[in-house]
Amino acid sequence: MSQKPSLPKGTRDFTPDEMAKRNFIFDTINKVFKNYGYQPIETPAMENLSTLMGKYGEEGDRLLFKILNSGDYLKNIDQTDVTNDNLSKITTTISEKGLRYDLTVPFARYVVQHRNEITFPFKRYQVQPVWRADRPQKGRYREFYQCDVDVIGSDSLLNEVELIRVIDDIFKRLNIDIVIKLNNRKILTGIAEIINAPERLTDITTAIDKIDKIGVEKVYEELRQKGLDEDTIEMLEPIINLGGGNSQRLICLKEIIGITSAGSQGIQEMQYILDLTEQLDIKAEIKMEQALARGLNYYTGTIIEVLAKDVTIGSVCGGGRYDDLTGVFGLPDVSGVGVSFGADRIYDVLTELDLFPEQVQGSADVLLVNFGEQEAKFCLKIMEVIQNSGISAELYPNPAKLKKQMKYANQKSVRFVILIGEEEIKSGQYTLKDMITGDQMNGMLSELINRIKQ
RNA sequence: GUGGAUGUAGCUCAGCUGGUUAGAGCACUAGAUUGUGGUUCUAGGGGUCGCCGGUUCAAAUCCGGUCUUCCACCCCA
């Protein structure tokens, strides 16, 4: 019985054409990473659930894909837990592995496990898929690729500056106009301190973060809803409405939260990064955004988010500094900073803006027509010469009608077709057809190769 | 996880208030053209109308459920 083929929610196949475009993205990202001295690593698709759980907050735990244990996974289950609907306990009994949710936590695990082989500061990059049991929509998939670069074991802000350069470099090569939004967790802490509500930090920042989206009034409304009193909200007002350029914002912020130690340190760090990047040749718009608050609770310093201009899709890149990510795995006081590029969203942006270069197709340069058994055997040798000269070539496997073979070449966007039939074998003069211009020429193999290489 | 929309041929979609063998364009295959593709003409193949159930003499069409995709929230790449 045949069944209707289907794919799990939020996952996709990639066609050869899409793969060519995706590889264009991966290639430029990898090239830039390498160019700045980062080294590649890979980690397994699955991790122990104990490694993953509790690292992404409650929300994150819910979005983790869990893998059912092999064998008789029900044998250790406690019936009273079943009757009591004790889901979390049942879950940990029947599942002890999960698919990775991001590349940062596995990297932290990696660093701790390999600490004796690693020379710090360790600059690594990692390009692998991650999985989230999120509800899919545009730009949001359940399986997607992250391209992470991190420096671990160095608290220098020069790393932040370098990452900004990496971001700028990559999007410059991809021809995407971007805004790099910067903030610092210490500034957020300062804000919370100054209004005397450090424990409300998350509530405040998630509300303020929506200012562009829902407007000032709604932000106030949400803050009230979350139980902040009018006095506190009034104190927040200058921060919420803080506008102008980066330097202007910093000056204002200094007046408001400069007296807190966290606040002043955050402002100092931000100032340092902005000063340095200003001297560099950076194309991207760099914008300090006091409302930027990325959800992951492990950021402790700089917070980075990159948005593509002219496209409404989530961020295409994001990250920040985390001072103690490896602490939970028993290696304290290792500071790291990194960002993650979302290859799938970059793909969507390039598609929407029609920015993929024409040349990204993955077809061969030449197709050798198959006129029959004898001719095909002859072509095999010719093909060897062509391929050894650096030109990709394929021989049509069946002696099909010429029309069919031409059509095949046309549809695969193979640029050149070489025809070698009985006549050509005798004379040693082969026929070359340019499929774009329609021009044909006759000549020795070396002449044809020269023509193709032009 | 909450709320809303969607689903008809490989793709983009028609199919009015339920009524015979469900259509178009593009794509595909073959021929016109026995060594020349992309244009044109002709013919052809292809659909359990997402899936399951209900109402009805009769369901692609109405109702319920379920799945998918999309949108908003949440969160995020």
Side-chain angles (χ1 to χ4, degrees), chain A residues 1-12 15 25 29 56-64 87 100-104 127-148 167 202 205-207 209-210 213-214 218 222 292-297 303-308 312-319 338-349 367 369-372 375 396 399-424 430-440 442:
Chain A
M1 259 286 116
S2 77
Q3 63 175 75
K4 205 171 193 175
S6 66
L7 232 36
K9 189 202 282 235
T11 66
R12 302 150 299 155
T15 62
I25 296 171
I29 288 176
Y56 310 105
E58 234 173 272
E59 181 76 12
D61 285 355
R62 193 169 59 76
L63 297 179
L64 239 30
L87 264 188
R100 68 165 103 79
Y101 175 91
D102 70 358
L103 300 177
T104 310
V127 177
Q128 289 190 272
V130 302
W131 294 270
R132 296 182 188 177
D134 213 344
R135 182 172 289 197
Q137 43 181 281
K138 192 181 222 140
R140 175 175 303 195
Y141 309 99
R142 291 187 138 188
E143 177 183 63
F144 62 96
Y145 271 76
Q146 288 198 329
C147 314
D148 273 35
I167 292 168
T202 333
T205 51
T206 54
D209 200 21
K210 289 179 203 152
K213 222 169 173 179
I214 62 175
K218 294 258 181 186
E222 187 168 331
L292 176 64
R294 299 176 46 73
L296 291 179
N297 33 24
I303 302 171
I304 303 168
E305 180 170 72
V306 181
L307 297 176
T312 47
I313 199 164
S315 53
V316 288
C317 176
V339 293
S340 178
F341 293 78
D344 302 80
R345 283 190 179 171
I346 291 173
Y347 183 97
D348 291 346
V349 169
L367 174 78
V369 172
N370 185 334
F371 281 108
E375 291 89 338
Y396 198 88
K401 282 184 190 156
L402 182 54
K403 181 180 167 120
K404 186 165 181 166
Q405 301 191 41
M406 295 300 283
K407 199 168 180 179
Y408 173 84
N410 188 49
Q411 282 178 329
K412 272 183 86 176
S413 312
V414 175
R415 173 75 193 265
F416 296 100
V417 172
I418 291 179
L419 297 97
I420 304 177
E422 228 177 307
E423 295 292 305
E424 282 89 349
Y430 312 135
T431 307
L432 175 76
K433 173 157 181 159
D434 183 329
M435 293 299 279
I436 293 178
T437 61
D439 293 345
Q440 267 180 238
N442 276 287

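Just so it is clear, the values below take in all heavy atoms, side chains as well, and ignore hydrogens, waters and symmetry mates. Below, chain A is the first sequence line, B the second, and so on; all start at residue 1.
- The nearest whole Å value for the distance from the CD atom in A:Gln137 to the C1' atom in B:U6 is 15 Å.
- Listed pair A:Lys401 / B:A30 fails the phosphate criterion, with no side-chain N or O lying under 4.0 Å from OP1 or OP2.
- Contacts of A:Gln405 with the nucleic acid, taken as non-hydrogen atoms under 4.0 Å apart, are absent.
- To the nearest whole angstrom, the two C1' atoms, one in B:A60 and one in B:C51, are 14 Å apart.
- Separation of the P atoms belonging to B:C16 and B:U34 is 47 Å when rounded to the nearest angstrom.
- Stacking between A:Phe144 and the base of B:A77 is present: ring centres sit under 5.5 Å apart and the planes differ by under 30 degrees.
- B:U66 and B:U6 have their C1' atoms separated by 15 Å, given to the nearest Å.
- A:Cys147 comes within 4.0 angstrom of no nucleic acid atom, judged by non-hydrogen atoms across all strands.
- Distance CG (A:Leu103) to C1' (B:C76): 14 Å, rounded to an integer number of Å.
- Note on A:Gly438: a base of the nucleic acid sits closer than 4.0 angstrom, heavy atoms only.
- Using modelled atom types, no side-chain atom of A:Asp148 and backbone atom of A:Ser340 make a donor-acceptor pair closer than 3.5 Å.
- For the pair A:Gln128 (side chain) and A:Leu103 (backbone), a donor-acceptor distance under 3.5 Å is absent.
- When rounded to the nearest whole Å, the span between CE of A:Met435 and P of B:U39 equals 12 Å.
- Heavy atoms from other residues, nucleotides or ligands lying under 6.0 Å from CD of A:Glu422 number 12 at most.
- Atom CG of A:Asp134 is separated from atom P of B:U68 by 14 Å (rounded to the nearest Å).
- Distance A:Lys407 NZ to B:U39 C1': 12 Å, rounded to the nearest Å.
- B:C75 and B:C13 have their P atoms separated by 33 Å, given to the nearest Å.
- Atom CD1 of A:Ile304 is separated from atom P of B:A77 by 12 Å (rounded to the nearest Å).
- No hydrogens or angles were tested; on distance alone, a donor-acceptor pair under 3.5 Å links the side chain of A:Arg345 to the base of B:C76.
- Of all non-hydrogen atoms in A:Lys433 and A:Gly438, the two that sit nearest each other are CE-O, 4.1 Å.
- Comparing A:Gly342 and A:Pro136 against RNA chain B, the residue whose closest nucleotide sits nearer the 5' end is A:Pro136.
- Looking at every heavy atom in both residues, A:Arg12 comes nearest to A:Glu143 through NH2-O, 3.5 Å.
- Between B:C11 and B:A27, the two P atoms lie 15 Å apart (nearest whole Å).
- A gap of 9 Å separates the C1' atoms of B:U2 and B:C74, to the nearest Å.
- Residue A:Arg140 places no side-chain atom within donor-acceptor reach of the base of B:A77, judged by atom type and a 3.5 Å distance cut-off alone.
- No contact: A:Gly314 has no heavy atom under 4.0 Å from any strand.
- Nearest heavy atom pair, residue A:Ala409 against residue A:Leu367, reads CB-CD2, 3.7 Å.
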Q: State the dot-bracket string of RNA chain B. Criteria: Watson-Crick or G-U wobble, both atom distances under 3.5 angstrom; notation: ( ) intrastrand, [ ] crossing earlier pairs, | interstrand, . unpaired.
A: (((((.(..((((.....[...)))).(((((.......))))).....(((((..]....)))))).)))))....
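- Of the two residues near RNA chain B, A:Pro8 and A:Leu63, the one whose nearest nucleotide lies more 5' is A:Pro8.
- Taking 4.0 angstrom as the limit, A:Gln411 places a side-chain polar atom (N or O) nearer than this to OP1 or OP2 of B:C28.
- A:Ile313 comes within 4.0 angstrom of nothing in the nucleic acid, heavy atoms only.
- Regarding contacts with the backbone of B:U68, a side-chain N or O of A:Lys9 is found under 4.0 angstrom from either OP1 or OP2.
- Using a 30° and 60° split on the angle between ring planes, A:Tyr408 and A:Tyr396 fall in the perpendicular class, above 60°.
- One interatomic measurement links the two molecules: CZ of A:Arg62 to P of B:G1, which rounds to 7 Å at whole-angstrom precision.
- Remark: the A:Lys433 side chain and the B:G37 base include a donor-acceptor N/O pair separated by less than 3.5 Å.
- The base of B:G37 sits within donor-acceptor range of the side chain of A:Asn410, with an N or O pair under 3.5 Å.
- We find that CZ of A:Arg142 is positioned 17 Å from P of B:A77, with the value rounded to whole Å.
- Residue-level contact check: A:Gly57 touches neither bases nor backbone, having no heavy atom under 4.0 Å from any strand.
- Within the 4.0 angstrom heavy-atom criterion, base atoms lie near A:Glu424.
- Of all the heavy atoms in A:Glu305 and A:Leu292, the pair that sits closest is OE1-CD1, 3.3 Å.
- Residue A:Gly372 is out of contact with every strand shown, counting any heavy-atom pair closer than 4.0 Å.
- Put simply, the side chain of A:Arg135 and the base of B:U69 share no donor and acceptor less than 3.5 Å apart.
- To the nearest whole angstrom, the two C1' atoms, one in B:U21 and one in B:U48, are 16 Å apart.
- For the P atom pair drawn from B:G10 and B:A5, the interatomic distance equals 28 Å after rounding to whole Å.
- A distance of 3.5 Å separates CG of A:Asp102 from OH of A:Tyr56, quoted to the nearest 0.5 Å.
- Nucleic acid contact class of A:Tyr145 (heavy atoms, under 4.0 Å, all strands): none.
- The number of heavy atoms from other shown groups lying within 6.0 Å of CD (A:Glu423) does not exceed 12.
- When distances run from any side-chain atom of A:Met406 to the nucleotides B:G37, B:A77, B:A30, the shortest one goes to B:G37.
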